[in-house]
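First up is the structure itself, then whatever we jot down about it.
Residue numbers run from 1 in the order of the sequence given. In what follows, every heavy atom counts, from backbone to side chain, and hydrogens, waters and symmetry copies are set aside.
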Amino acid sequence: MKLFDPAFPKPVLIEEAVYHNHQDEWLNDNPLIRAITVKDTDVVESEIGYIPKLPSNIQSLNGVYQKTALHRLSCINVVHPWSAALYEDILSAILFGYINRDPRKPEIRRFQRELSSLSMLKKRDEIYEKIFVSPLSPLTTTSNAVVTGPSGSGKTTTIRRTLLAIPQVIIHPEFDNTPEKLTQIVWLSFDMPASDSPKALALAFFRAIDMAIGSNYYNEWKGRKSEGIEHHYAAMQLLILKYNIGFIHIDEMQFMLKFGSGRNSITLQAVEALFNKLSVPTLTSCTPEGLKLFDPVPAEFSNNLDVITTTRRVYSDQIYVFELAPIDSDLFDDLFSAFFPASLSQKQKGFSESFKFKVATLSAGLLAVITRLAQLYHRIALSVTDIPEEELLEDIFIEQFGPLAEALRRLHETGNEDMLENLLNRDDANNVVWALEEQKGKKIQKRVSVPDINNDHKG
């Protein structure tokens, strides 16, 4: 997972606690809450947005310097219309989730001791019982939200850039007037693994912690091949308590459509029990196809009622829908201005309205396609000046986007993303491969159609 590009201004993600009083006095009794600063949304949007300045004389620069300047296009981040609402909803969920999680409370310390003892047991069924069936947790279930939209619509980038406006790790040098040092991980973001193994989910979680604080939980647990999935789950909850983790974002939730429904697979019930029942709010993101996960299915037997409750609860809060950026939208205007500045045009007045319309048509308003198309176009256009801009743009698009070109055309005309989603390939890091050039030297995995959600045979 890449939170920001190397050239993007790196925010301060680890800071020492400075305690503030919030406008809502109810929030001022817990140091975990008082250590978090609330910013105005205009400040947040100024931090999220980033449009690098290109040299005004880029047309006359040496080819090496032209290309180094063009690399800056990969660092552009245009503020999405959902950014401000996401910031407010995420941060309010974090603050509210910490209300009953003051580590000074006796019941929290007792729960941590009980969970630590539970994790040492050899009987896996007993661990499972105390985490999933009759949880030890004294905490209440908290809120959840879902972000959905086609691949390339900017979901993940917007969520993670918004999270970067919130300090990820806060170090409390002393806590409750004692020399006890406390580490607070305010948020984590990671991808749902493509495998349905609960151990894979645990390892993704451990890796996210390692990235935040420089620990080594991933390598430690990767080597514990004899440990059961229940021990992995117990370790996850212990780390949530140890590091006072305040918020979880899980991307690529649509992978769960391929998963089984039994104890040996990752399920929505497991996600809820691991995080929400410890008062840790979650945000999950997926393609529109992934929303099938949250459809409540009428129960035929009473023991299915918990499944219905879980699907509704994981889907209980705000739903954010990321749509295509049409040519008449402010978002598309901002994207076009950022990726196709006048200084990069062959024409003195900049790119024409017909060129802008062509970009909108070819890209179908997908942020990821606009980004890659702009990078490919400008690199070639700076050295090819005898072909009209619109013609060159279309030639590059057809050559580089190959079989996706027709799917993008249909997406632009109908708004139906199914054909595009079925054609997408991913590299070995699970990133979507948009242009043919991105495939060079990479192991590409062809996307397979998602089977029926019913996997009871694996239970």
So do [Y] and [X] actually touch side chain to side chain, heavy atoms under 4.5 Å?
{"X": "Phe111", "Y": "Leu278", "result": "yes"}
{"X": "Leu362", "Y": "Leu408", "result": "no"}
{"X": "Ile90", "Y": "Trp187", "result": "no"}
{"X": "Val79", "Y": "Asp334", "result": "no"}
{"X": "Lys292", "Y": "Leu257", "result": "yes"}
{"X": "Ser285", "Y": "Glu252", "result": "no"}
{"X": "Ile250", "Y": "Thr282", "result": "no"}
{"X": "Phe247", "Y": "Tyr98", "result": "no"}

Which heavy atom of [X] sits nearest to which heavy atom of [Y], and what is that distance?
{"X": "Lys199", "Y": "Glu227", "value": "NZ-O, 2.8 Å"}
{"X": "Ala212", "Y": "Ile14", "value": "O-CD1, 3.6 Å"}
{"X": "Phe332", "Y": "Ile370", "value": "CE1-CD1, 3.9 Å"}
{"X": "Phe259", "Y": "Ser195", "value": "CZ-O, 3.3 Å"}
{"X": "Ile99", "Y": "Asn30", "value": "O-ND2, 4.1 Å"}
{"X": "Ala338", "Y": "Ile76", "value": "O-CD1, 3.3 Å"}

Sidechain-backbone polar pair: [X] side chain, [Y] backbone, donor-acceptor under 3.5 Å:
{"X": "Thr287", "Y": "Pro150", "answer": "no"}
{"X": "Arg101", "Y": "Leu241", "answer": "no"}
{"X": "Arg161", "Y": "Asn77", "answer": "no"}
{"X": "Asn276", "Y": "Val280", "answer": "yes"}
{"X": "Arg34", "Y": "Asp29", "answer": "no"}
{"X": "Lys155", "Y": "Gly149", "answer": "yes"}
{"X": "Tyr233", "Y": "Ala202", "answer": "no"}
{"X": "Thr157", "Y": "Gly154", "answer": "no"}

Atom CG of residue position Asp42 - does it have more than 12 heavy atoms of other residues, nucleotides or ligands inside 6.0 Å?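 Correct, the count exceeds 12.
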Can you confirm whether more than 12 heavy atoms, excluding those of Lys222, are under 6.0 Å from its NZ atom?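 No, not enclosed.
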Show, in sequence, the C-alpha distance, side-chain angles and deciding distance for Glu88 and Thr162, and conclude whether the side-chain contact (heavy atoms from CB on, under 4.5 Å) test is met. CA-CA 10 Å; Glu88 291 182 343; Thr162 301; over 6 Å; no
I would like to know whether Ile159 and Trp82 meet side-chain contact (heavy atoms from CB on, under 4.5 Å); could you show each step before the answer? CA-CA 9 Å; Ile159 293 168; Trp82 275 125; over 6 Å; no
Taking side chain to side chain contact (heavy atoms under 4.5 Å, CB included) as the definition, give me every residue that meets it alongside Thr183, ordered by chain and number, with sequence neighbours left out. Val169, Ile171, Ile213, Tyr243
Would you kindly say whether [X] and [Y] are connected by a side-chain donor-acceptor distance under 3.5 Å?
{"X": "Arg207", "Y": "Tyr218", "value": "yes"}
{"X": "Thr37", "Y": "His20", "value": "yes"}
{"X": "Tyr320", "Y": "Asp89", "value": "yes"}
{"X": "Asn216", "Y": "Asp210", "value": "no"}
{"X": "His249", "Y": "Ser189", "value": "yes"}
{"X": "Gln184", "Y": "His172", "value": "yes"}
{"X": "Thr156", "Y": "Asp251", "value": "yes"}

Plane angle bin for Phe190 and Phe205 - parallel if under 30°, tilted between 30 and 60°, otherwise perpendicular: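 Plane angle over 60°, so perpendicular.
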Assess whether side-chain contact (heavy atoms from CB on, under 4.5 Å) is satisfied between Ile108 and Asp102, documenting all intermediate values. CA-CA 7 Å; Ile108 299 298; Asp102 190 332; 6.0 Å; no
Inter-residue atom distance [X].[atom1] - [Y].[atom2], 0.5 Å rounding:
{"X": "Ile94", "Y": "Leu32", "atom1": "CD1", "atom2": "CG", "answer": "12.0 Å"}
{"X": "Gln112", "Y": "Gln237", "atom1": "CD", "atom2": "CD", "answer": "11.5 Å"}
{"X": "Leu376", "Y": "Thr371", "atom1": "CG", "atom2": "OG1", "answer": "11.0 Å"}
{"X": "Ile266", "Y": "Ile229", "atom1": "CD1", "atom2": "CD1", "answer": "9.5 Å"}
{"X": "Thr284", "Y": "Leu293", "atom1": "OG1", "atom2": "CG", "answer": "8.5 Å"}
{"X": "Arg372", "Y": "Leu366", "atom1": "CZ", "atom2": "CG", "answer": "14.5 Å"}

Step-by-step salt bridge (charged side-chain N to carboxylate O under 4.0 Å, His left out) determination, Lys39 to Glu47: CA-CA 11 Å; Lys39 304 172 185 176; Glu47 293 179 0; 2.9 Å; yes
Trace of the ring pair (Phe, Tyr, Trp, His ring centres under 6.0 Å) decision for His232 with Trp221: CA-CA 8 Å; His232 284 71; Trp221 280 89; 4.9 Å; yes
With Asp24, which residues qualify under side-chain hydrogen bond (donor to acceptor under 3.5 Å, both in side chains), at least two apart?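 Testing Asp24 for side-chain hydrogen bond (donor to acceptor under 3.5 Å, both in side chains), a comparison that skips the adjacent residues, returns none.
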Show your reasoning for whether side chain to side chain donor-acceptor pair (under 3.5 Å) applies to Asn100 and Ser279. CA-CA 8 Å; Asn100 294 317; Ser279 288; 5.5 Å; no
Let's go through Ile248 and Val271 carefully: what are the C-alpha distance in whole Å and the side-chain angles of both, what is the deciding distance for side-chain contact (heavy atoms from CB on, under 4.5 Å) to 0.1 Å, and is it a yes or a no? CA-CA 10 Å; Ile248 299 287; Val271 172; over 6 Å; no
